[in-house]
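Notes follow the structure.
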Amino acid sequence: MKNETYIADISQHKDQVVTVSGWLYNRRSSGKVHFLLVRDGTGIIQAVVGKKDVDEETFEKCKELPQESSLKVTGLVHEDHRAPGGFELHVNKVEIVHIAQDYPITPKEHGTTFLMDHRHLWLRSSKQHAILRVRHAIIRAARDFFDKKGFTLVDAPIFTPAACEGTSTLFETDYFGSKAYLTQSGQLYMEAAAMAFGKVYCFGPTFRAEKSKTRRHLTEFWMIEPEMAYCDLDGNMDIAEEFIEYIVQRILEENKEELKRLERDTSKLEKVQRPFPRISYDEAAKMLKDAGLDFVYGDDFGAPDETYISDQFDRPVMVHRYPAEVKAFYMKPDPADSTKALCVDVLAPEGYGEIIGGGQREDDYDKLIEKIKEHDLPMEAFEWYLDVRRYGSVPHAGFGMGIERAVAWICGLKHIRETIPFPRTISRIQP
RNA sequence: UCCGGCGUAGCUCAAUUGGCAGAGCGGGUGGCUGUUAACCACUAGGUUGUAGGUUCGAGUCCUACCGCCGGAGCCA
């Protein structure tokens with residue numbers, strides 16, 4: 001009897017009587033008619049409750065129903081330009097499922113701290129809803145991209161015995177009496193997996209215990225990390241730019257409504273098409289020097305440097321061959337200049353900074369041992385990793401993309417903390 | 001870790017030179033047949049982050065501490 005439907009599908013039910021199950025987003029009243037804005041997770045629809053159309057008890061209850069109460073509304077789907085969304089429901093039945101207590105997030109301005117303290121409820125508001133839908137779509141597009149190209153998903157462990165890169169601070173945890181650490185990258189495991197499957201990727205959470213207090217950092221974030229056997233730096237950059245182009249174009253196609261809700265300037269995203277500019281570290285350093293920026297040759301780029309470089313282009317820019325000294329131990333040196341590493345950072349436009357870091361790995365057993373010693377890393381922890389160079393070593397490369405930074409860029413958000421459902425930062429582990 | 005900023009009602013913010021702690025929203029009561037963050041009237045709501053100090057008098061000035069926000073470094 002009941003024609004249950006989701007608000008997203010409401011246009012298919014024009015002039016039909018349907019039931020929508022959801023929550024009260026907002027309510028306006030005009031004495032003899034109530035306007036209930038009902039959301040169901042797929043959209044928002046205005047339900048019009050006229051005094052003549054329902055019994056008196058229902059009408060009175062609608063009048064004082066608090067925000068975010070759960071309810072089922074049944075009525076005629078009516079096209080009306082006065083309604084937000086173009087369609088409204090002329091209600092003849094209201095079933096109240098639960099009367100909410102006073103809802104803390106009112107339809108007025110709130111500060112970020114307050115909203116983050118109520119993150120579990122903030123997810124219900126339309127902007128956060130849009131962001132997390134785009135996040136979902138980005139993850140789906142990323143996985144589709146690698147799946148279609150014949151990559152195998154190989155999950156990396158979260159508990160690790162030692163640092164992957166040795167530099168960053170790790171979260172330490174007690175592992176049955178011995179120390180274990182939360183992973184900061186699945187890459188080393190992907191290198192081993194690439195020798196088994198050829199093309200692999202992992203997608204999971206990563207952890208950094210650095211006390212970073214900026215809009216670009218979380219202590220827990222998600223990274224997608226492809227790794228390819230028989231691949232060099234150029235091949236790696238080819239995949240990286242194709243990957244980013246694919247994701248951005250998919251989001252432009254499939255998430256128009258969300259991008260509109262987020263007031264994203266999509267003309268900037270439309271320009272994200274291959275080929276991306278590729279410049280060397282030396283070329284980038286010269287750009288900074290010519291611009292008169294305070295930059296010391298040989299150092300890694302700081303946040304203002306990255307912003308300047310990316311501002312010179314209308315699409316992501318790939319900066320390759322950084323000084324080996326500022327990069328991790330597993331990077332392969334450039335045969336043409338051993339002071340440089342065969343690595344690449346992809347800088348997003350509009351000042352969003354580094355969204356991808358990667359490169360070609362050192363595949364020579366002796367040179368890798370030397371690097372581990374140079375970086376003062378515990379050799380025994382890398383024995384298994386050295387096996388990858390002992391048994392059929394091949395040139396290989398890969399990269400990692402931070403999902404949250406990609407979401408922030410594509411959504412045009414100024415802060416990364418809204419790109420993940422429940423952010424973990426240096427000062428927040430609740431809710 | 002360093003630098004800067006901010007802590008006033010449930011929320012967002014005012015409060016002049018140190019002189020009666022206020023508004024909007026939200027809550028409550030009543031009104032309104034097309035509202036668009038509806039509107040109108042009335043109403044309740046305060047240990048001004050904490051501790052100390054100066055002063056006749058401190059939200060305001062001083063000292064310390066706590067918390068949060070932003071930036072740097074580090075990185076995705």
Side-chain angles (χ1 to χ4, degrees), chain A residues 25-37 44 46-53 59 63-64 66-68 78 80-86 88 90 100-118 122 125-126 164-170 183-187 205-225 240 294 299-307 322 326-328 345-348 352-358 399-409 414-417 419-420 425-428:
Chain A
Y25 193 69
N26 198 5
R27 171 172 48 81
R28 292 180 283 267
S29 173
S30 185
K32 299 290 193 295
V33 59
H34 302 309
F35 300 94
L36 309 180
L37 285 175
I44 295 178
Q46 174 164 282
V48 184
V49 185
K51 189 166 189 173
K52 291 181 291 188
D53 304 327
F59 190 78
K63 187 182 175 183
E64 56 201 32
Q67 193 186 347
E68 288 300 324
H78 183 74
D80 192 319
H81 69 277
R82 292 173 297 185
E88 61 182 20
H90 286 181
Q101 298 179 20
D102 283 351
Y103 192 67
I105 303 175
T106 60
K108 282 280 174 181
E109 285 169 26
H110 297 283
T112 314
T113 302
F114 174 81
L115 290 168
M116 275 301 174
D117 286 341
H118 298 85
W122 192 21
S125 64
S126 65
C164 289
E165 310 190 7
T167 51
S168 304
T169 322
L170 297 164
T183 183
Q184 58 180 349
S185 167
Q187 183 207 312
T206 47
F207 307 87
R208 305 277 165 95
E210 286 150 354
K211 295 192 172 178
S212 303
K213 291 178 73 171
T214 80
R215 70 180 81 172
R216 299 182 308 281
H217 290 87
L218 298 168
T219 54
E220 177 182 318
F221 64 97
W222 287 65
M223 195 150 62
I224 190 158
E225 296 175 277
D294 185 25
D299 286 359
D300 206 345
F301 300 127
D305 303 323
E306 285 186 356
T307 301
Y322 283 66
V326 302
K327 288 294 177 180
D345 281 0
V346 181
L347 307 181
Y352 280 94
E354 185 182 345
I355 53 167
I356 277 181
F399 61 85
M401 184 183 81
I403 292 293
E404 288 77 15
R405 286 191 182 173
V407 175
W409 165 46
K414 83 173 205 288
H415 205 300
I416 198 169
R417 68 189 153 203
T419 64
I420 186 165
T425 67
I426 179 174
S427 61
R428 176 172 299 281

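Residue numbers begin at 1 in each chain, while the letters A, B, ... track the order of the sequences.
- The closest donor-acceptor contact from the side chain of A:Arg417 to the backbone of A:Leu218 lies at 3.5 Å or more, if one exists at all.
- If you measure from atom CE of A:Met116 to atom P of B:rC11, you get 17 Å, rounded to the nearest angstrom.
- Put simply, the side chain of A:Thr183 gets close to the backbone of A:Ser185: a donor and an acceptor are under 3.5 Å apart.
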**Prompt:** Where do A:Gln67 and A:Arg27 land on the side-chain contact (heavy atoms from CB on, under 4.5 Å) test, with the steps shown first?
**Reply:** CA-CA 7 Å; A:Gln67 193 186 347; A:Arg27 171 172 48 81; over 6 Å; no
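- Between A:His415 and the phosphate of B:rG70, there is a side-chain N or O to OP1/OP2 separation shorter than 4.0 Å.
- No engagement by A:Ala406 is indicated, since no non-hydrogen atom pair under 4.0 Å with the nucleic acid exists.
- For B:rC69, the base has no donor-acceptor partner in the side chain of A:Arg417 [N/O atoms by modelled type, under 3.5 angstrom].
- Using C1' as the reference atom, B:rC69 and B:rG49 are 15 Å apart when rounded to the nearest Å.
- For A:Lys32 and A:Asp53, the salt-bridge test fails: no basic side-chain N is under 4.0 Å from an acidic carboxylate O.
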**Request:** Please report the C-alpha distance between A:His90 and A:Val48 in whole Å, then the side-chain angles of each, then the deciding distance to 0.1 Å, and finally whether the side-chain contact (heavy atoms from CB on, under 4.5 Å) criterion is met.
**Result:** CA-CA 5 Å; A:His90 286 181; A:Val48 184; 4.1 Å; yes
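- With hydrogens and angles left out, the side chain of A:His217 and the base of B:rC75 share a donor-acceptor pair within 3.5 Å.
- Set against B:rU33, B:rG71, B:rU12, the side chain of A:Phe114 has B:rU12 as its closest nucleotide.
- Residues A:Phe221 and A:Phe207 keep their aromatic ring centres 6.0 Å or farther apart.
- Here the separation of B:rG57 from B:rA21, taken at their P atoms, is 15 Å to the nearest Å.
- At the heavy-atom level, A:Gly302 lies under 4.0 Å from the strands shown only through sugar-phosphate atoms.
- Comparing B:rU35, B:rC11, B:rA76 by their closest approach to the side chain of A:Glu88 singles out B:rU35.
- Taking the side chain of A:Ser427 as heavy atoms from C-beta on, and the options B:rG34, B:rA72, B:rC68, the nearest nucleotide is B:rC68.
- With distances taken from any side-chain atom of A:Asp80 to the nucleotides B:rG34, B:rU33, B:rG31, the minimum falls on B:rG34.
- For the salt bridge (charged side-chain N to carboxylate O under 4.0 Å, His left out) test, no residue two or more places apart in sequence or in another chain qualifies with A:Arg215.
- Side-chain atoms of A:Val48 lie closest to B:rG34 of the nucleotides B:rC75, B:rG71, B:rG34.
- With sequence neighbours excluded, the residues satisfying side chain to side chain donor-acceptor pair (under 3.5 Å) with A:Thr106 are A:His110.
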Between the protein and nucleotides 1-7 of chain B, list every N/O to N/O distance that falls short of 3.5 Å.
unit_1 : atom_1 : unit_2   : atom_2 : d
B:rU1  : O4     : A:Lys211 : O      : 3.3

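- Closest contact between the side chain of A:Thr106 and the listed nucleotides B:rC69, B:rC25, B:rG34 involves B:rC25.
- Not one N or O on the side chain of A:Glu88 forms a donor-acceptor pair closer than 3.5 Å with the backbone of A:His78.
- Not counting sequence neighbours, A:Asp300 has no partner by the salt bridge (charged side-chain N to carboxylate O under 4.0 Å, His left out) test.
- For A:Arg208, whose side chain is taken as the heavy atoms from C-beta onward, the closest listed nucleotide among B:rC32, B:rA76, B:rG73 is B:rA76.
- If you take atom P in B:rG4 and the same atom in B:rA58, they sit 30 Å apart, rounded to whole Å.
- Taking only side-chain atoms of A:His90, from C-beta outward, the nucleotide of B:rU33, B:rG34, B:rG27 with the closest atom is B:rG34.
- A:Gln46 comes within 4.0 angstrom of a nucleotide base, judged by non-hydrogen atoms across all strands.
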**Request:** Under the side-chain contact (heavy atoms from CB on, under 4.5 Å) rule, what do A:Thr425 and A:Lys213 come out as? Steps first, then yes or no, please.
**Result:** CA-CA 8 Å; A:Thr425 67; A:Lys213 291 178 73 171; over 6 Å; no
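- Residue A:Asp345 is out of contact with every strand shown, counting any heavy-atom pair closer than 4.0 Å.
- For B:rC75, the OP1/OP2 oxygens have no side-chain nitrogen or oxygen of A:Arg215 closer than 4.0 Å.
- Here A:Ser29 lies in heavy-atom contact (under 4.0 Å) with a base.
- Both geometric conditions, a ring-centre gap below 5.5 Å and a plane tilt below 30°, are not fulfilled together for A:Phe35 over the base of B:rG34.
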**Prompt:** Stepwise, does the side-chain contact (heavy atoms from CB on, under 4.5 Å) test hold for A:Leu115 with A:Thr112?
**Reply:** CA-CA 5 Å; A:Leu115 290 168; A:Thr112 314; 5.6 Å; no
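- A:His118 NE2 to A:Ser125 OG: the interatomic distance, rounded to the nearest 0.5 Å, is 13.0 Å.
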Using a cutoff of under 3.5 Å, can you pull out all pairs of nitrogen or oxygen atoms linking the protein to nucleotides 48-50 of chain B, with atom names and distances?
none

**Request:** Whenever both distances are under 3.5 Å in a Watson-Crick or G-U wobble pair, mark it; put RNA chain B into dot-bracket that way, with [ ] for crossing pairs and | when the partner is on another strand.
**Result:** (((((((..((((.....[..)))).(((((.......))))).....(((((..]....))))))))))))....
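- Heavy atoms of A:Ile105 sit nowhere under 4.0 angstrom from any nucleic acid atom.
- Among B:rA76, B:rG27, B:rC68, the nucleotide with an atom closest to any side-chain atom of A:Thr113 is B:rC68.
- Here the separation of B:rC39 from B:rU50, taken at their P atoms, is 34 Å to the nearest Å.
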